[in-house]
Amino acid sequence: MDGELVISGIGVSRGVVSTIVAMAAERVEGVASVGDKAIASGLISAFTAKSASNEPAVSSDVEDDKLLVSVRLSVFYGYPFTKLAADVRSAIAEAVSSQMGFSVGRVDVCIDNLVFPKE
């Protein structure tokens with residue numbers, strides 16, 4: 001994940017892309033966190049001995065001068081996954097466009113954890 005991405009002749013750190021993507025995704029209602037930030041309830045932690053994936057929370061690449069993004073999420077119980085994923089895709093595309101001025105070719109959303117409210 002080190003290095004930079006080159007889009008339309010402009011080099012951008014993958015870390016900058018990850019920050020913009022994570023901030024946009026975390027603003028979507030229903031998203032608990034980007035990646036596994038150990039906010040899952042004790043019940044979930046008991047059933048998942050290790051993180052669902054060793055992949056980074058946000059990964060990015062460039063194809064045909066368009067940004068390709070993959071984001072791994074923990075989400076709150078009670079939000080329909082298809083709508084949540086669509087909202088995350090939209091928020092990320094808007095943030096990348098407004099902050100960086102680049103087009104987004106694809107946003108893959110992976111839901112790794114489900115967070116239940118404490119009762």
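FYI, the numbering just counts along the sequence from 1.
Note that the OG atom of Ser60 and the CZ atom of Phe102 stand 11.0 Å from one another [nearest 0.5 Å]. From Arg27, atom CZ reaches atom CD of Glu94 across 10.0 Å, with rounding to the nearest 0.5 Å. Distance CG/Asn113 to CZ/Phe76: 11.5 Å, rounded to 0.5 Å. In this structure, the separation between CZ on Arg106 and CG on Leu67 is 10.5 Å, given to the nearest 0.5 Å.
Looking at Ser90, its side chain never comes within 3.5 Å of a backbone N or O of Ala86 through a donor-acceptor pair. Panel note: side chain Thr19, backbone Gly15; a donor-acceptor pair is recorded below 3.5 Å. One N or O on the side chain of Asp65 and one on the backbone of Ser8 form a donor-acceptor pair closer than 3.5 Å.
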**Report entry** Stepwise side-chain contact (heavy atoms from CB on, under 4.5 Å) test for Phe81 and Ile111
**Finding:** CA-CA 8 Å; Phe81 290 172; Ile111 298 172; 3.6 Å; yes
Report task. Report the C-alpha distance between Val12 and Ile7 in whole Å, list the side-chain angles of each, state the deciding distance to 0.1 Å, and finish with yes or no for side-chain contact (heavy atoms from CB on, under 4.5 Å). Result -> CA-CA 8 Å; Val12 179; Ile7 306 172; 5.6 Å; no
Query raised in the report: After noting the C-alpha distance and the side-chain angles of Arg14 and Glu4, does the key distance pass the salt bridge (charged side-chain N to carboxylate O under 4.0 Å, His left out) rule?
Result: CA-CA 5 Å; Arg14 290 179 192 268; Glu4 67 181 17; over 6 Å; no
**Report entry** CA sep, side-chain torsions, deciding dist, call: Lys66, Val104, side-chain contact (heavy atoms from CB on, under 4.5 Å)
**Finding:** CA-CA 5 Å; Lys66 291 188 179 181; Val104 175; over 6 Å; no
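Contact between Leu5 and Asp61 at its shortest, heavy atoms only, is CD2-CA, 3.9 Å. Closest approach of Ser74 to Gly35, counting heavy atoms only: OG-O, 3.2 Å. Between Pro80 and Gly78 the shortest heavy-atom distance is CD-O, 3.8 Å. The two residues Ala25 and Val34 make their nearest non-hydrogen contact at CB-CG2, 3.8 Å.
Val75 is not listed as a side-chain neighbour of Val115, based on a closest heavy-atom distance of 4.5 Å or more. Side-chain atoms of Asp112 and Leu73, non-hydrogen and from C-beta on, never get closer than 4.5 Å to each other.
Val69 and Val6 are not part of a single hydrophobic cluster, where members link through side-chain heavy atoms under 4.5 Å apart. Criterion: ILVMFWY side-chain heavy atoms under 4.5 Å apart, direct or through other members. Under it, Leu68 and Val21 are not part of a common hydrophobic cluster. By the rule that hydrophobic residues join a cluster once side-chain heavy atoms approach within less than 4.5 Å of another member, Met23 and Val28 end up as members of separate clusters.
Ion pair Asp87/Arg89 not flagged as a salt bridge, since none of the NZ, NE, NH1 or NH2 atoms sits closer than 4.0 Å to an Asp/Glu carboxylate oxygen.
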